[in-house]
Amino acid sequence: MKKRFFAAGLAIALSMAAVPVTISASAEIKEEECDRLFAATVNSLIDESDIENGKINALRKPLYDISVEPLGYVYEFSLKDSEGYAIIVNTDGNYIAQEVMPNAISPYSESEGQCVYVGTMTYLEYSEGVYTYAESGTVVPEEVVEYLAEDALYGDGGTISGSTLVTIYYESKSEDYYKMALMTPCCSSSPYVSACACVAGTNIVAYFDRYCPLLMPDYEPGYEYMGYYFYYADTNAMTDVVIQLYSDMGTTAESGTTAQQFLNGMKKYSNRAGYSFSYTSCMSGGNLSYSKVKNSMKNNQPVALFLSGYNVGFLELYEDRDSMGYLLSTANHVMVGFGYDEITYTYDSGKQETLEYICVASGAGTRPSGYFNINYNTKINDAFAVSMY
């Protein structure tokens, strides 16, 4: 049986391949870890019956960040009746399978210059001082390149994008936790750049489609099992909503989307489908009111967060400690909160500390859902509890 492939940003443990993988390099590249991760990845996603002669042949090309510094590799491989590609990046010493598409032609298949990877769904080529879009060959204006650089992946894991691990050792802890569904929408795919607000809006639309089915006609946003609701993470139907919201919000590659454009676009989308849209601020005195966020979510209202710098964490639980691995960025961004987790730790000294998290659909392909620490590596410019009805 074929294994379904859902989204990019997979975190896959390294293991030796079950199916032999033969790789030919287009340049002298010595990156064994990258090859091993590629081999492990394709073996975890592809059924052996799809492989001709029990072997995958792949062409490996070097991949660069927007500063034209080494970032990783793109692997272009063939199955018996289709082509596929995989993008493996290294931003801070850790290799990640950023995108893996078993049934798609590589965006760099015709590239003759240096393959530049900005982030999910954004592929450039660099040659003689000029950036072009890899798939179309269209020249990228200098101001657009500068804008893309603000939220790009970088090979050195430096000041713009990176990650960190925070471990908390405790004597005891208590928790106030609430989530609006067991699994919430977490779309992160967009055919446009600077479209994070449109992606955030799409996650909200998909959430309310459960109650307002004309928001996404002929679409089932999820399913119920044993009393719990599970939303689908990322689908083609969600990409269609991103495209519509890009127009409704008046988003541009150069300037993105303002908070007011976001609200106006969401209202326009709702009204077109025959529904109403409303919102209330979750800010107080220029700061986020965590109590308003919690109350809004309990009233079935997701919270749209407008940020300058952000984090998305993954919590690992142990008997005497919690570890939070954060994806970090200094870029402007929009995310959606669908729950919260307020954890109070008591240390062996008797001191207590409370950490306030929002469970978010991040819109980031590397980590489409996770924990947003409202007091860490971020400035919250605006927050709105929203409703469609």
Is the backbone N or O of [Y] less than 3.5 Å from a side-chain atom of [X], with the two atoms forming a donor-acceptor pair by type?
X	Y	result
Q261	G250	yes
Y232	E220	no
T354	T344	no
T202	V242	yes

Does [X] share a hydrophobic cluster with [Y], counting links as ILVMFWY side-chain heavy atoms below 4.5 Å and allowing steps through other members?
X	Y	answer
Y211	V205	yes
I204	M180	yes
Y310	Y147	no
M335	Y246	no
V386	L245	yes

Shortest non-hydrogen contact from [X] toward [Y]:
X	Y	answer
A197	M249	O-CE, 3.8 Å
S362	S369	OG-N, 4.1 Å
Y231	A206	CE2-O, 3.4 Å
C359	Y340	SG-N, 3.9 Å
P302	N300	CD-O, 3.7 Å

Has [X] got more than 12 heavy atoms of other residues, nucleotides or ligands less than 6.0 Å from its [atom1]?
X	atom1	value
N299	CG	yes
L315	CG	yes
K267	NZ	no
E143	CD	yes
E110	CD	no
E142	CD	no

> Would T235 and Y219 count as a side-chain hydrogen bond (donor to acceptor under 3.5 Å, both in side chains) if you check the C-alpha gap in whole Å, the side-chain angles of each, and the deciding distance to 0.1 Å?
Replying inline: CA-CA 10 Å; T235 65; Y219 176 73; 3.2 Å; yes
Assess, by modelled atom type and distance only, whether the side chains of [X] and [Y] contain a donor and an acceptor separated by less than 3.5 Å.
X	Y	result
E83	Y85	no
N377	Y326	no
Y347	E353	yes
Y290	E342	no
T251	T257	yes

How are the rings of [X] and [Y] set relative to one another: parallel (under 30°), tilted (30 to 60°) or perpendicular (over 60°)?
X	Y	answer
Y108	Y123	perpendicular
Y357	Y371	perpendicular
F277	Y279	tilted
F384	F306	perpendicular

> Considering only heavy atoms from C-beta outward, does the side chain of M216 approach that of D240 to under 4.5 Å?
Replying inline: no
>> I'd like to check Q98 versus L153 (side-chain heavy atoms, cut-off strictly below 4.5 Å). Are they in contact?
In response: yes
>> As an exercise, state the distance from OG1 of T258 to CG of L263, rounded to the nearest 0.5 Å.
In response: 8.5 Å
> SG/C187 to CG/N236 distance, rounded to the nearest 0.5 angstrom?
Replying inline: 10.5 Å
>> Does F338 form a ring pair (Phe, Tyr, Trp, His ring centres under 6.0 Å) with Y207? I'd like the steps, not just the answer.
In response: CA-CA 9 Å; F338 288 109; Y207 178 82; 5.4 Å; yes
> Which of these passes side-chain contact (heavy atoms from CB on, under 4.5 Å) with Y126: V116, V140, T132?
Replying inline: V116
